[in-house]
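All values below were derived from every heavy atom in this structure, side-chain atoms included, with hydrogens, water molecules and symmetry-related copies excluded. Each chain gets a letter, A, B and so on, in the order its sequence line appears, and its residues count up from 1.
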Protein chains: 2
Amino acid sequence: MTVRLLGVAVDVAVFTVRASRLEVALIRMKRAPFEGKWALPGGRIQTEETVEDAAQRELTDKTGLADVYLEQLYTFSEPDRDPQGRCVSVAHLALVPATAELRTNDKYAGIDWFAADRPPSLAFDHKAMLAYAVKRLRAKLEYTNVAYSLLAPTFTLGELQRVYEAILGQPLDPRNFQRRIQAVGLVLQTGEMRTGQANRPARLFRFAVRRPVEIAVLT
Amino acid sequence: MTVRLLGVAVDVAVFTVRASRLEVALIRMKRAPFEGKWALPGGRIQTEETVEDAAQRELTDKTGLADVYLEQLYTFSEPDRDPQGRCVSVAHLALVPATAELRTNDKYAGIDWFAADRPPSLAFDHKAMLAYAVKRLRAKLEYTNVAYSLLAPTFTLGELQRVYEAILGQPLDPRNFQRRIQAVGLVLQTGEMRTGQANRPARLFRFAVRRPVEIAVLT
DNA sequence: GCAAAAGTGTTGTCGGTACACCCATGC
DNA sequence: GCATGGGTGTACCGACAACACTTTTGC
């Protein structure tokens with residue numbers, strides 16, 4: 001048996017909701033063994049940082065995103081998951097508003113948003129990581145306020161509903177949705193309206209709290 | 001800055017319910033820097049195994065328990081969590097029936113069950129790991145059938161209720177409990193009775209399925 | 001016969017779901 | 001004036017919580 005050095009990496013599934021669709025940010029690899037393939041952004045952890053710090057650092061380095069909602073998910077450790085050598089990877093989930101812009105560095109051939117439920121063929125075990133992240137995001141949406149990290153500081157209830165529908169993958173009744181969202185105190189009215197659209201102006205809301213808390217949003 | 005080798009370890013919080021109390025198995029360290037302190041069983045992962053395999057292996061080695069329910073929880077990675085050197089650790093949750101017997105090896109000064117909500121002072125960051133494991137176990141009990149791994153193959157509804165009460169930390173109404181447990185199809189009657197106690201014999205049940213599945217048990 | 005746990009049914013309340021119409025604006 | 005999305009109230013139903021007494025056994 002050859003001795004192989006054991007490494008620790010992080011990978012991040014960054015999601016946003018754009019045009020009523022849940023999308024994930026992927027970067028395109030330049031070099032073998034995954035040349036041309038798409039992958040979740042990530043990399044090795046450094047000696048004096050936690051895995052969450054490493055995920056933030058790698059995310060900024062490879063996507064240009066900073067100060068995002070980020071959460072550890074699960075550690076993937078199949079011995080052959082990385083053809084370049086033994087390496088476990090701690091998968092993370094990140095959320096950004098649709099206004100976020102992606103910009104990778106020149107070590108990669110590109111970066112773009114993809115439909116989270118129909119990704120292209122992915123490098124490493126990133127297909128499993130992505131599926132796990134989507135599943136966790138769905139669950140978290142129902143009992144936490146994480147949706148705040150997917151929207152601008154103010155938003156209409158219609159925009160919020162489209163975020164929920166895109167992630168849960170099912171339509172929701174607007175009357176019941178509004179009643180529940182307001183009943184649990186998830187959002188507060190700002191008093192402002194969104195004008196300029198070709199239809200009736202909608203009230204603008206903001207989240208009551210803009211850091212992660214548990215709150216039974218649905219059911 | 002000194003270069004430090006990055007290691008990967010696993011630790012396991014093994015729970016059981018005995019005498020209406022949630023208990024966790026701890027081993028006593030023999031050597032510095034944690035001489036005399038109690039800790040969760042665990043150890044380094046080997047080159048060709050997943051972290052879950054490592055957790056099973058370390059668990060058998062250090063507690064004598066085999067073939068137990070085991071699940072990955074969370075990766076702890078504070079740079080200073082291990083005074084012996086940089087090492088991240090993947091925490092796991094394990095469940096065994098109250099009949100399981102603990103037996104550690106001679107590298108440790110002892111092994112015993114402790115009340116999960118009042119552990120002794122623990123080595124490393126195991127206090128945080130244990131707290132996280134208890135929290136996760138409470139949550140999983142309500143939407144999965146994991147309780148099967150805490151009981152013998154057949155059991156009375158009273159025994160099952162005591163498991164739920166011990167983990168959730170609150171009394172439950174026996175009428176509502178029995179109705180719900182049977183309504184969701186968690187258990188099936190065996191037709192046998194438990195006799196020999198100084199009171200009315202109780203029906204014996206078994207779990208409808210004895211592998212992990214999601215099922216809304218409570219609320 | 002007594003202590004100890006098992007077993008059983010009903011009622012009230014609350015929350016969730018289903019559902020249709022009018023409103024305000026931009027063009 | 002028309003197309004588009006915003007905004008609102010009610011009625012039904014099912015699920016959950018609360019609650020007390022009788023039964024069966026070992027000693």
Side-chain angles (χ1 to χ4, degrees), chain A residues 17-21 98 138 141-143 147 151-152 154-166 168-206 214-219, chain B residues 17-21 98 141-143 151-152 154-166 168-206 214-219:
Chain A
V17 174
R18 301 196 321 164
S20 298
R21 198 171 76 151
R138 283 205 178 117
L141 197 67
E142 304 198 352
Y143 68 93
L151 288 164
T154 65
F155 52 89
T156 70
L157 291 184
E159 290 164 359
L160 180 61
Q161 187 178 339
R162 282 188 287 279
V163 165
Y164 274 79
E165 289 176 335
L168 300 178
Q170 57 176 310
L172 300 170
D173 182 284
R175 297 182 286 266
N176 296 334
F177 182 75
Q178 296 196 11
R179 190 180 17 230
R180 289 219 298 242
I181 289 295
Q182 299 200 57
V184 298
L186 188 68
V187 299
L188 300 170
Q189 286 196 32
T190 63
E192 319 265 298
M193 306 286 277
R194 165 145 308 162
T195 56
Q197 259 88 325
N199 47 33
R200 175 171 173 179
R203 295 191 189 135
L204 284 171
F205 288 78
R206 61 186 175 83
E214 299 207 353
I215 183 171
V217 179
L218 299 181
T219 54
Chain B
V17 174
R18 301 197 319 165
S20 299
R21 198 171 75 153
L141 198 66
E142 306 198 351
Y143 69 92
L151 287 165
T154 64
F155 51 88
T156 69
L157 290 185
E159 289 164 0
L160 180 61
Q161 185 178 340
R162 282 188 285 280
V163 165
Y164 273 80
E165 290 176 333
L168 299 178
Q170 56 176 310
L172 300 171
D173 181 285
R175 296 181 288 265
N176 295 334
F177 182 75
Q178 295 196 13
R179 188 179 20 231
R180 289 222 295 244
I181 289 295
Q182 297 200 58
V184 298
L186 187 68
V187 298
L188 300 171
Q189 287 195 31
T190 63
E192 319 264 298
M193 305 287 276
R194 166 145 307 163
T195 55
Q197 260 88 324
N199 48 32
R200 177 172 172 176
R203 293 190 190 135
L204 284 171
F205 287 77
R206 61 186 176 82
E214 299 207 352
I215 184 172
V217 179
L218 300 181
T219 49

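Rounded to whole Å, atom P of dC14(C) lies 18 Å from atom CZ of R180(A). The distance from atom CG of D173(B) to atom P of dA15(D) is 18 Å, rounded to the nearest whole Å. Note: CG (L218(B)) to P (dA15(D)) measures 16 Å, nearest angstrom. The nearest whole Å value for the distance from the CZ atom in F155(A) to the C1' atom in dG6(D) is 16 Å. What separates CZ of F177(B) from C1' of dA18(D) is a distance of 17 Å, to the nearest Å. As a whole-Å value, the separation of I181(B) CD1 from dA17(D) C1' is 16 Å. Across the protein-nucleic acid pair, R179(B) atom CZ and dG14(D) atom P stand 16 Å apart, rounded to whole Å. Counting to the nearest Å, the C1' atom of dG5(D) and the CD atom of Q197(A) are 9 Å from each other.
When distances are taken from the side chain of N176(B) to each of dA18(D), dG16(C), dC19(C), the shortest belongs to dA18(D).
Pairing each heavy atom of S20(B) with each of R162(B), the nearest pair is OG-CD, 3.4 Å. For R18(A) against A98(A), the heavy-atom pair with the smallest separation is CG-CB, 3.6 Å.
Using modelled atom types, no side-chain atom of E214(B) and backbone atom of Y143(B) make a donor-acceptor pair closer than 3.5 Å.
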Item to check | Residue pair R180(A), L218(A): steps toward the side chain to side chain contact (heavy atoms under 4.5 Å, CB included) verdict | outcome: CA-CA 7 Å; R180(A) 289 219 298 242; L218(A) 299 181; 3.3 Å; yes
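Distance check: E142(A) CD to Y164(A) OH gives 8.5 Å after rounding to the nearest 0.5 Å.
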Under 3.5 Å, side-chain donor or acceptor atoms of residues 181-190 of chain B against the rest of the protein: list the pairs with distances, not counting sequence neighbours.
residue, atom, partner, partner atom, Å
T190(B), OG1, E192(B), N, 3.1
T190(B), OG1, L204(B), O, 2.9

Item to check | Per-nucleotide protein contact string for nucleotides 1-8 of chain C (B base, S sugar-phosphate only, - none; heavy atom under 4.0 Å) | outcome: ---BBBSB
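Between R194(B) and dT25(D), a side-chain N or O to OP1/OP2 separation shorter than 4.0 Å is absent.
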